[in-house]
Amino acid sequence: MEQATPDGSKRGKWMMALVFLAGCLVTALAGAAAMRLAEKPAAGPKAPVRESVEYGGSFAELELVDCKGRKCSFPEIKNEYAAAFLLSAGCRSCVEEADAIGALTCILKGDFADVILLWQDEIPWDILSATPIEETQNHSCGTAPLAGDLPRYYILNDQAEAVFVGKSMDELMQKFMALDTIEMEDLQSAADTYLQERFTGEIKEDQVRMVEFSMIGCKDCEAAAPIVTNIEAQQGIEIKTIYCDKQNVPEKQKGEVDHGNVLAHLYGIRWYPSFVVFQGDKRLIVGQTSQEGLKAALLQALGGQTTGQGQNGS
């Protein structure tokens with residue numbers, strides 16, 4: 001066996017010393033990192049990861065974070081149904097839909113159905129501040145997606161089970177209108193108040209009001225324009241225009257949009273132009289008709305003969 005030399009013994013001792021010092025350094029750095037982590041403020045509660053909720057699935061066991069940043073369970077549904085929306089602040093379509101959800105909220109007022117917003121991760125308060133959506137309607141459901149694409153539209157029963165899942169406000173409204181537990185005349189009366197207050201101002205008893213549902217670039221709307229202008233001048237009333245939300249509306253007319261076409265669905269409007277005429281507590285809808293018939297139909301509506309619903313394009 002080969003015997004170690006004195007120089008080799010010294011080198012071995014130096015190596016052992018270096019290893020010992022390196023170990024001490026690693027221990028010290030780990031301790032400092034642990035102290036920094038301990039000093040860092042705890043993050044707010046995060047909603048847990050959940051799987052996608054599809055038709056027939058339940059939201060009942062979903063843990064959320066409420067508008068105050070506190071962990072909470074899924075909100076109690078006070079009506080027989082709730083319209084629920086899965087959204088994200090980073091999704092442009094979701095942000096644009098906030099106005100439509102706000103309009104629906106104003107009409108339902110919690111009397112016909114609940115409205116619940118579920119946001120992926122953060123709740124975008126800067127966006128919501130410009131809408132009538134209440135803070136308590138908003139919840140964060142964490143970063144994990146609850147659907148393959150956004151926005152996602154749900155109708156839930158009072159047990160928070162999904163009885164409808166859709167990809168557009170049009171789909172949701174079509175299903176909503178078919179619910180047999182909601183009296184449509186009562187819902188349309190609520191829509192009457194919202195439509196008049198938003199587009200014609202303060203409601204006065206016996207005041208005649210007319211709102212035109214129009215579409216930019218629509219040839220029939222352009223052809224009807226002279227007739228409408230003439231009647232407006234002859235009758236001394238102001239006819240307000242509201243635009244279909246299926247196109248790019250100029251910026252100056254953004255405030256005159258039927259967001260999500262919620263009102264068009266509620267009034268059964270499927271033709272542009274269509275007119276909703278209010279006189280006292282009566283409402284008449286003038287829909288698809290010829291240019292020749294439009295003037296007569298509008299004058300009849302303004303003449304007080306408003307017992308029917310008129311033509312609505314059905």
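Residue numbers count from 1 along this sequence. Remember, predicted model here, so these are calculated numbers, not experimental data.
- Counting only heavy atoms from C-beta outward, the side chains of Y153 and I101 never approach each other to under 4.5 Å.
- I269 and Y194 fall within the same hydrophobic cluster, defined by Ile, Leu, Val, Met, Phe, Trp and Tyr side-chain heavy atoms under 4.5 Å apart, directly or through other members.
- Here the side chains of D114 and Y81 are not in contact, with every heavy-atom distance at 4.5 Å or above.
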Just do the side-chain contact (heavy atoms from CB on, under 4.5 Å) check on L117 and I123 with the steps written out, would you?
-> CA-CA 9 Å; L117 285 74; I123 301 173; over 6 Å; no
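- Minimum interatomic distance between A297 and V286 (heavy atoms only, all atoms of both residues): CB-CG1, 3.8 Å.
- Y267 and D258 form no side-chain donor-acceptor contact under 3.5 Å, judged by distance and modelled atom types alone.
- Taking all atoms of both residues into account, the shortest heavy-atom contact from G287 to W271 is C-CD1, 4.2 Å.
- To the nearest 0.5 Å, atoms NZ (K167) and CG (D149) are separated by 5.0 Å.
- Note on E76 versus K78: no salt bridge recorded, every NZ/NE/NH1/NH2 to OD/OE distance being 4.0 Å or above.
- In this structure, D126 and S129 approach most closely via the heavy-atom pair O-OG, 2.9 Å.
- The structure places OG1 of T181 at 11.0 Å from CZ of F112, a figure rounded to the nearest 0.5 Å.
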Is there a side-chain contact (heavy atoms from CB on, under 4.5 Å) between Y154 and V163 once you walk through the steps?
-> CA-CA 8 Å; Y154 297 90; V163 297; over 6 Å; no
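- In this structure, M184 is a member of the same hydrophobic cluster as F164, with clusters built from ILVMFWY side-chain heavy atoms closer than 4.5 Å.
- Side-chain contact between T131 and D99 is present, with heavy atoms from C-beta onward closer than 4.5 Å.
- The closest side-chain heavy-atom distance from L302 to I231 is below 4.5 Å.
- For CD of E96, the number of neighbouring non-hydrogen atoms (other residues, nucleotides, ligands) closer than 6.0 Å is greater than 12.
- Between atom CD1 of residue I239 and atom OG of residue S214 there is a gap of 12.0 Å, rounded to the nearest 0.5 Å.
- Residues F85 and L150 are not in side-chain contact: their nearest non-hydrogen atoms beyond the backbone lie 4.5 Å or more apart.
- The shortest heavy-atom contact between M215 and C244 is CE-SG, 3.7 Å.
- In the hydrophobic clustering of this structure, W125 does not group with V95; members are Ile, Leu, Val, Met, Phe, Trp, Tyr whose side-chain heavy atoms approach within less than 4.5 Å, directly or through other members.
- Taking 4.5 Å as the limit, every side-chain heavy atom of C94 sits out of range of all side-chain heavy atoms of E97.
- Here the straight-line distance linking atom CG of L195 with atom OG1 of T193 works out to 9.5 Å at 0.5 Å rounding.
- Within the 3.5 Å criterion, the main-chain N or O of K68 finds a donor-acceptor partner in the side chain of D66.
- Hydrophobic cluster membership is shared by L104 and I182, with clusters built from Ile, Leu, Val, Met, Phe, Trp and Tyr side chains linked at under 4.5 angstrom.
- Across all non-hydrogen atoms, the minimal contact from F74 to A60 is CB-O, 4.1 Å.
- Summarising the geometry, atom CG belonging to L62 is positioned 9.5 Å from atom OG belonging to S73; distances are rounded to the nearest 0.5 Å.
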Starting from the C-alpha separation in whole Å, work towards a yes-or-no answer on salt bridge (charged side-chain N to carboxylate O under 4.0 Å, His left out) for R152 and E54.
-> CA-CA 10 Å; R152 185 64 66 94; E54 299 298 336; 3.2 Å; yes
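- Taking CZ from R70 and NE2 from H139, the interatomic distance works out to 10.0 Å, rounded to the nearest 0.5 Å.
- At a threshold of 4.5 Å between side-chain heavy atoms, the hydrophobic network of Ile, Leu, Val, Met, Phe, Trp and Tyr places Y272 and V249 in two separate groups.
- Of the N and O atoms on the side chains of N261 and D245, not one donor lies less than 3.5 Å from an acceptor on the other residue.
- Side-chain contact check for L64 versus K71: every heavy-atom pair is 4.5 Å or farther apart.
- Ion pairing between R283 and E185 holds under the 4.0 Å rule for side-chain N and carboxylate O.
- Judged by distance alone, the side chain of E161 and the main-chain N or O of G57 form no donor-acceptor pair under 3.5 Å.
- Each of L284, I285, L294 was evaluated against F275; a single residue qualifies, L294, per the side chain to side chain contact (heavy atoms under 4.5 Å, CB included) test.
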Side chain to side chain donor-acceptor pair (under 3.5 Å) between R198 and Q196, intermediate numbers included = CA-CA 5 Å; R198 179 181 168 192; Q196 294 184 77; over 6 Å; no
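- For E212 against P273, the heavy-atom pair with the smallest separation is OE2-CB, 3.6 Å.
- In this structure, the side chain of N138 engages the main chain of E134 through a donor-acceptor pair within 3.5 Å.
- No more than 12 heavy atoms of other residues, nucleotides or ligands lie within 6.0 Å of CD in E183, so this atom counts as exposed by the packing criterion.
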Going through the distances and angles, do V262 and I107 end up as a side-chain contact (heavy atoms from CB on, under 4.5 Å)?
-> CA-CA 10 Å; V262 169; I107 294 167; 4.0 Å; yes
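- Checked against the 6.0 Å centroid criterion, the rings of Y243 and F213 do not qualify as a close aromatic pair.
- Side-chain contact between D170 and H265 is present, with heavy atoms from C-beta onward closer than 4.5 Å.
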side-chain contact (heavy atoms from CB on, under 4.5 Å) assessment of F176 paired with L108 = CA-CA 12 Å; F176 191 77; L108 296 179; 3.7 Å; yes
